[in-house]
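Scroll down for the structure; my scribbles are underneath it.
Chain identifiers are assigned alphabetically (A, B, ...) following the order of the sequence lines, protein sequences preceding nucleic acid strands; residue numbering begins at 1 within each chain.
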Protein chains: 2
Amino acid sequence: MAVARRMVQTRGYNGLSFRELAKEVGIKSASIHYHFPTKGDLGAALAKRYTADGQSYLNSLRQDSSDLNLWIKGYTDVFRMALVNDNRMCLCGIMAAEYDDLPPEVRTEVDGFTDLNVRWLTEVLGACRPKLNQETRESRALAIYAAVEGAQLIARGRGDISVYDKTIETYRAAGLIP
Amino acid sequence: MAVARRMVQTRGYNGLSFRELAKEVGIKSASIHYHFPTKGDLGAALAKRYTADGQSYLNSLRQDSSDLNLWIKGYTDVFRMALVNDNRMCLCGIMAAEYDDLPPEVRTEVDGFTDLNVRWLTEVLGACRPKLNQETRESRALAIYAAVEGAQLIARGRGDISVYDKTIETYRAAGLIP
DNA sequence: ACCTGAACACCGTTCAAGT
DNA sequence: ACCTGAACACCGTTCAAGT
């Protein structure tokens with residue numbers, strides 16, 4: 001699954017090949033179908049684990065510190081890290097682009113990742129911007145998530161990490177990100 | 001090319017199939033290779049024309065009106081339209097997600113589209129925000145482009161146009177978009 | 001319980017052959 | 001100038017067969 005996740009993060013869901021994956025892990029492609037009957041099953045499992053990993057990372061961020069700025073920095077940094085490590089993308093960001101090709105079970109898990117991000121950001125905004133009402137916070141959370149995914153997408157195309165850094169900084173200067 | 005562009009906008013570059021495209025336009029897949037020797041040639045031609053169309057649209061926006069707000073609305077609306085028409089994405093946005101799979105000639109054209117957007121937005125910001133220096137304008141332009149692409153990406157996954165509208169409105173309220 | 005080889009209908013690509 | 005059929009090595013998937 002680690003190998004498959006890396007493949008999807010670089011080449012997308014459509015770019016993931018059972019045969020190539022099999023070669024990499026040293027078995028035959030037919031054997032993978034024993035563990036994941038269809039490509040959709042594998043994709044859904046990848047997105048589910050990815051969301052769970054993200055969940056525990058974001059939770060630990062809030063436990064390890066009470067500095068709100070550090071939470072936000074930890075958030076934008078995890079997207080930054082994917083770019084630094086082999087110019088990869090967020091698994092669910094790249095899958096969102098392929099949404100029309102995704103089997104329903106994969107779509108569900110990709111949506112779950114968006115929900116996680118919006119939920120976490122909404123809670124953090126509750127601490128940063130206590131004056132905003134719940135609905136405004138949720139809209140803001142979704143906007144931040146969308147903007148960060150967009151920054152990652154464009155910076156990856158540019159192959160230039162400084163594009164990501166500059167864009168995030170511009171979001172902050174404009175007041176979108178706390 | 002119109003059919004191919006629509007296919008890429010919904011399913012991505014990897015989702016574009018010569019055989020399927022051939023069936024749709026009523027010839028054999030081998031015949032397409034006569035006009036576009038490789039898939040990369042077709043992809044590059046699509047992105048090039050897409051950028052040219054975008055160029056003339058954005059130029060006409062500025063000619064038809066002197067209202068700066070209308071320029072920005074015209075800008076965000078063209079991305080909105082893709083979602084409304086069959087939940088499609090910006091051709092170069094979806095291709096950016098597949099960047100690692102793209103042949104070099106396609107990458108070049110995708111980069112050209114980004115350049116067009118940044119150039120146009122930078123000029124518009126020059127009119128809207130004359131106090132900003134050139135470098136700040138360019139960073140802001142890139143950030144706006146990234147944020148709008150991200151909004152489109154996420155809204156498409158949600159299959160809900162109101163998510164796009166709300167996100168754009170949040171960008172505006174936060175001060176990212178003029 | 002886990003793996004495999006062989007088959008199926010797909011894919012981009014090539015090329016000799018047709019008009 | 002434009003199209004085609006047949007071939008090649010790829011793809012996800014299935015399934016009977018192996019341990």
Side-chain angles (χ1 to χ4, degrees), chain A residues 1-50 89 91-92 94-110, chain B residues 1-50 89 91-92 94-110:
Chain A
M1 282 186 73
V3 177
R5 195 190 64 218
R6 210 168 51 234
M7 283 180 170
V8 175
Q9 284 189 270
T10 59
R11 315 238 312 254
Y13 177 78
N14 278 326
L16 173 66
S17 151
F18 268 51
R19 286 171 143 93
E20 199 181 338
L21 174 59
K23 201 172 288 178
E24 200 106 10
V25 300
I27 56 175
K28 297 293 163 186
S29 82
S31 310
I32 297 182
H33 285 279
Y34 174 77
H35 302 279
F36 304 99
T38 68
K39 194 173 173 181
D41 291 321
L42 175 54
L46 289 173
K48 193 170 194 141
R49 177 170 293 186
Y50 190 77
M89 265 192 77
L91 183 87
C92 292
I94 199 168
M95 278 183 163
E98 307 174 283
Y99 207 76
D100 269 67
D101 278 342
L102 300 181
E105 65 271 24
V106 183
R107 292 186 183 187
T108 306
E109 298 303 331
V110 171
Chain B
M1 282 186 73
V3 177
R5 195 190 64 219
R6 211 169 49 235
M7 282 180 171
V8 175
Q9 283 188 272
T10 59
R11 316 237 312 254
Y13 177 79
N14 278 326
L16 173 65
S17 151
F18 269 50
R19 286 171 143 92
E20 199 181 337
L21 174 59
K23 202 172 287 177
E24 201 106 11
V25 299
I27 55 175
K28 297 295 163 183
S29 84
S31 310
I32 297 182
H33 284 279
Y34 174 76
H35 302 280
F36 304 99
T38 69
K39 193 173 174 181
D41 291 320
L42 175 54
L46 290 173
K48 192 169 196 142
R49 177 170 294 187
Y50 190 78
M89 264 193 78
L91 183 87
C92 292
I94 199 167
M95 276 183 164
E98 307 173 282
Y99 207 76
D100 269 67
D101 277 343
L102 300 181
E105 64 271 24
V106 182
R107 291 185 183 187
T108 305
E109 298 303 330
V110 171

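Taking the charged nitrogens against the carboxylate oxygens, A/Asp101 and B/Arg11 do have a contact shorter than 4.0 Å, which makes a salt bridge.
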Output field dot_bracket for DNA chain D (Watson-Crick or G-U, both distances under 3.5 Å, | for other-strand pairs) contains ||.|||||...|||||.||
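Contact annotation for B/Leu42: no contact, since no heavy-atom pair falls under 4.0 Å across all strands.
Annotation: side chain of B/Met1 is in contact with side chain of B/Phe36 (closest heavy-atom distance under 4.5 Å). Contact check for B/Asp100 versus A/Met89: no side-chain heavy atoms found under the 4.5 Å cut-off. Under the 4.5 Å side-chain criterion, counting only non-hydrogen atoms from C-beta, B/Thr10 is not in contact with B/Ile94.
Taking every side-chain heavy atom of A/Ser17 into account, D/dC11 is the closest of C/dC11, D/dC11, C/dT13.
For the pair B/Leu102 CG and C/dG12 C1', the interatomic distance rounds to 16 Å; values are reported in whole Å. A straight line from NZ of A/Lys39 to P of D/dC10 spans 17 Å, rounded to a whole angstrom. In this structure, A/Phe18 places its CZ atom 19 Å from P of C/dC10, rounding to the nearest Å. We find that CZ of B/Arg19 is positioned 12 Å from C1' of C/dT14, with the value rounded to whole Å. Here the P atom of nucleotide C/dG12 and the CG atom of B/Asp41 are 14 Å apart, to the nearest Å. To the nearest angstrom, P of C/dC11 lies 17 Å from CG of B/Asp101.
Using a 4.0 Å cutoff on non-hydrogen atoms, the parts of residues 26-38 of chain B near DNA chain D are B/Ile27, B/Lys28, B/Ala30, B/Ser31, B/Tyr34, B/His35, ordered by number.
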Take B/Met95 and B/Arg107, measure what side chain to side chain contact (heavy atoms under 4.5 Å, CB included) needs, and give me the verdict at the end. CA-CA 9 Å; B/Met95 276 183 164; B/Arg107 291 185 183 187; over 6 Å; no
Decide yes or no on side chain to side chain contact (heavy atoms under 4.5 Å, CB included) for A/Glu105 and A/Thr38, but give the supporting numbers first. CA-CA 11 Å; A/Glu105 65 271 24; A/Thr38 68; 4.1 Å; yes
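Annotation: the span from B/Leu102 atom CG to B/Asn14 atom CG amounts to 8.0 Å, rounded to 0.5 Å.
Stacking of B/Lys39 on the aromatic ring of B/Phe18 is not recorded, the 6.0 Å distance cut-off and the 45° axial limit not both being met.
Side-chain atoms of B/Glu109 never come within 3.5 Å of backbone atoms of B/Ala44 as a donor-acceptor pair (strictly under, hydrogens ignored).
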